[in-house]
Amino acid sequence: MWTAREGRWGRRKRALLCCVLVAAGEAAWGQLRYSVPEEPPRGSFVGDVAKDLALQLATIRDRGARILDRGRTRYFALHANSGHLVTAERLDREQLCEGVQRCVLRCEVIVEGEMKVYEIEVEITDINDNAPTFGEAEKELRMSEITAPGSRLSLSKAHDPDVGINSLQSYELSGDEHFSLSVQAGADGEKRPELVLAKALDREEAAFHELVLRAIDGGEPARTGTARIRVSVLDANDNAPVFSQAVYAVRVPEDVPVGSTLLTLTATDADEGINANVKYSFKEISTKASKVLDLDPETGLIRLVRSLDFEEVDSYEMEAQVQDGGGLFDTATISISVTDVNDNEPELTVSSALSEISEDAPSGTVVALLHVQDRDSGANGEVRCSLVGDVPFRLRSSVGSYYSVVTARELDREEVSEYNVTVWASDGGSPSLRSSAVLALRVLDVNDNAPVFAEARYSARLPENNAEGALVLTVRAWDADWGQNARVRYRLAEGRVRGAPLSSYVSVQAETGALYALRSFDYEEVREVGLWVRAEDGGAPALSSNVSVRLLIVDENDNAPQVLYPPSAAGAGWTGVELAPRSAEPGALVAKVVAVDADAGQNAWLSYELAKATEPGLFRVGLHSGEVRTARSPLARDAPRHSLVVVVKDQGRPALSATATLTVVLAESVAELLSELGSAAAPAEPGGSLTRWLVLAVAAVSCLFVAFLLLLLALRLRRWRRSQLLPPASGALRGVPASHFVGIDGVRAFLHSYSHEVSLTADSRKSQRRWAADSCCNTLPARPPPDKAAPLLGEDAAGARGAPPDALPQAQPNTDWRFSQTQRPGTSGSQNGEEGGAWPNNQFDTEMLQAMILASANEAADGNSTLGGGTGTMGLSARYGPQFTLQHVPDYRQNVYIPGSTATLTNAAGKSNAKGSSGGNKKKSGKKEKEKK
């Protein structure tokens, strides 16, 4: 084997060398041709592309020489390092070029750096790798013993996929002297083998002959393929077949299974071979018999293909025939008798039946009429009927083969609403056959059952503060009746809760029985609600039942603790003053905080804790008792007055709380306690920074005010100087609108609008500002009529000296007119010139009047007014009459309390009583002023 393989590869190398030489000659024309035997290993050398194309290996590597990919299978590859063309896939010539004499594969090499393409053709040469094969490895031929010598039989051709000398070349036959082989050449050059009978056959000498046909190709070494041929010698037909009996008779029951063999026909033939091969068939047969019987032509078996029925056909007659291969035959008669068996069930038919019956129907009511019959005869056709199970029905025999089904007792739909009555019919055969019929009977309902609730009583827990319309619970009631009689509707029984109708608290949904809360419950008001729900069916007359429902209101933590002691102080929070001796021992009881919670249970469990203390660690509070006790003995350095804030919390979720403020004074007696309370003028908290800023603010405001007064005084002097240049015509100025001036009531309204009292302390949270109650409720005087001259408030009246002060007309107030937002008294820049009113529209007159009034009031407040008026008149009576006193001019200044000072700056004139006392300012100590407050 190794020698043959080495020789094969030697031939391949020589063929490859020739191909390389041819390729070298064609490389100069840009086309390479190579030849390679088929089936080389992958990576086998095909040709030196670099050498044949005169390309340097560096050019192949650097400029990217490669095989173009056209989307087909790449059978070759180019090595960049060596420049060799090698195989990349298996090369099978028979697969690649089937039926082609010359197999050529083409590919293209591109050198991208040079932009050149080289075409390569590789011819795949054939090797003898396939042996001839026959389409049939074994073939059987038949030949009669009387066949004449020289007769020919065509044999199957062999096929070899190789080409040329490696293809099929010759045939050989071996095995027997009676046959020889003849090979015929066809028009296409194919060789066709034929078997030739060389010697006469004798079946008695040899019944068959074994031959071997061999096909040989021209390869080195040659390959062969074989086929086995078996020639059977056929006998000559000289004897007719004969049945074993002339008449075949058999009796079979009608219930014989389908496919059973009823009879077997037997015939013999003296010949052999094909002449002794007999076939059976029916010569004459009826149509019915042909549908139920089948005769096997080879074996002579008569089988049943359909069920026999004695009631339809009780016997079958037919004639059978047997025939050999030579055409000789014989006939026989066949008789098959069918016997009766109990194979028919009784037929039970419902002639008439009711589908519905009322449950109050009387006993003996007919519900169905049945008819029974059996096709069998004798005992097999006798039928008996019965009912299955314990049902309130019975069978009653009627005319002929009819039975009636009647009620045996009264029916109850609540027990059984539907009946499926099964009636059995049995015959007298052995074994007995039976059939059944089912009567479906529905019992109609009568309203004889009241609704029944699922529970004997209902209870539910409802949290307080529930949403209106919240679902509380659902009651369920069932009625054993059906249809309208079982339709249950719910309603509330009459009742009252805290004097109000029950229907205002809860409601029930008539269809579903859902109970809803119509209002939000408060546990502190209503803790339990008892009611009755009635369920009523839709029958006529209607039946009903009641059930009790108990609603338990569950407490929620919606009430904060309420502090009972210390008692409430008017104004802010809880406050109290307690006395603790300085000689108290640790644990001494100082006070007790008493609190209650309107909730219940855990929500009402209270706990106490000390939230804030002036001296931490001096006092403690009992967690559950609320008792305030000393945690240690008071020391001399401890402040005499302590403020304690106690927080009272409940145990609800979330927890609610309240605070109580206690003032504990360390004193040995009540007198010392009162002295300590009276001497506390300012909070213990430091307020130096706030006081400093307040003083600066007051100083700034005072400076602005003094500057404003000086400006008004300058304007007043300017107006007075101009009035000296005008000739005195009368007591009134002609051509000046009366609306530029204001009467006494207007002055009062102007001054009252700025009258307020401010009390400032170091603690800004305790500062108070009180405005005059009537600062926005005064009215301005009405404008005088157009035909009357308006008097001037600032007139230097030479002509008015002889008239009494009250002779000047005074405008009456208009009760229907009040200040608008833009007409409130103020500086001239705050007025709206477009809005009408009695206040002066002339800026100069207004500012002059304000400066005159404010300067006079300032002098009067200092107690040394020099404006020419009497005491308390601010010097205005000389101009406007004695009725314009200080009682018409409220104090315009602020009452300022400066922390750290013992004096309060007040206006004595502004606080004058009706007696007209001219006393000066009173100065009270800060302590007394605070006690007065």
Side-chain angles (χ1 to χ4, degrees), residues 560-596 606-649 655-691 694 759-768 897 899-900 926-933:
Q562 181 180 1
V563 179
L564 301 180
Y565 186 83
S568 174
W574 302 101
T575 183
V577 179
E578 301 293 339
L579 174 64
R582 285 187 174 273
S583 60
E585 297 294 332
L589 179 63
V590 177
K592 182 175 182 178
V593 177
V594 181
V596 295
L606 302 181
S607 61
Y608 304 82
E609 63 181 50
L610 186 60
K612 183 178 180 182
T614 304
E615 183 67 30
L618 180 58
F619 300 97
R620 59 182 174 85
V621 179
L623 180 62
H624 300 292
S625 63
E627 294 178 349
V628 181
R629 297 179 180 271
T630 56
R632 58 176 175 80
S633 298
L635 302 178
R637 59 181 175 82
D638 293 332
R641 182 174 178 175
H642 296 267
S643 177
L644 306 180
V645 178
V646 179
V647 177
V648 185
K649 293 183 179 179
L656 302 179
S657 63
T659 58
T661 303
L662 288 172
T663 301
V664 179
V665 178
L666 300 178
E668 298 295 338
S669 62
V670 177
E672 186 178 351
L673 169 65
L674 296 177
S675 175
E676 178 62 30
L677 292 177
S679 62
E685 299 177 1
S689 177
L690 181 59
T691 303
L694 290 176
S759 176
L760 301 177
T761 64
D763 188 357
S764 62
R765 292 172 297 174
K766 299 181 180 179
S767 300
Q768 298 180 359
Y897 167 73
K927 180 177 180 181
K928 292 182 180 181
E929 182 69 16
K930 187 172 186 66
E931 290 177 357
K932 181 179 180 181
K933 294 179 179 179

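Small disclaimer: the values here were computed from a predicted structure and weren't measured.
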Looking only at non-hydrogen atoms, find the nearest pair between [X] and [Y] and report the distance.
| X | Y | answer |
| --- | --- | --- |
| Pro634 | Ala584 | CD-O, 3.4 Å |
| Gly587 | Arg629 | O-NH1, 2.9 Å |
| Ala658 | Val563 | CB-CG2, 4.2 Å |
| Glu578 | Val590 | OE1-O, 3.9 Å |
| Ser657 | Ala560 | O-CB, 3.9 Å |

Close side-chain approach of [X] to [Y], heavy-atom, < 4.5 Å:
| X | Y | value |
| --- | --- | --- |
| Thr663 | Arg641 | yes |
| Thr659 | Val646 | no |
| Leu618 | His642 | yes |

- Query: Any sub-3.5 Å donor-acceptor pair from Ser643's side-chain atoms to Thr614's backbone N or O?
  - Reply: no
Checklist entry - Arg582 side chain to Leu635 main-chain N or O, any donor-acceptor pair under 3.5 Å? => result yes
Here the gap from Leu656 atom CG to Gln562 atom CD, rounded to the nearest 0.5 Å, amounts to 13.5 Å
So CZ of Arg632 and CZ of Arg620: to nearest 0.5 Å the spacing works out to 13.0 Å
The side-chain contact (heavy atoms from CB on, under 4.5 Å) partners of Leu623 (sequence neighbours excluded) come to Ser607
With sequence neighbours left out, the residues meeting side chain to side chain donor-acceptor pair (under 3.5 Å) with Glu615 are none
Which of Val647, Leu662, Val621 passes side chain to side chain contact (heavy atoms under 4.5 Å, CB included) with Val593? It is Leu662
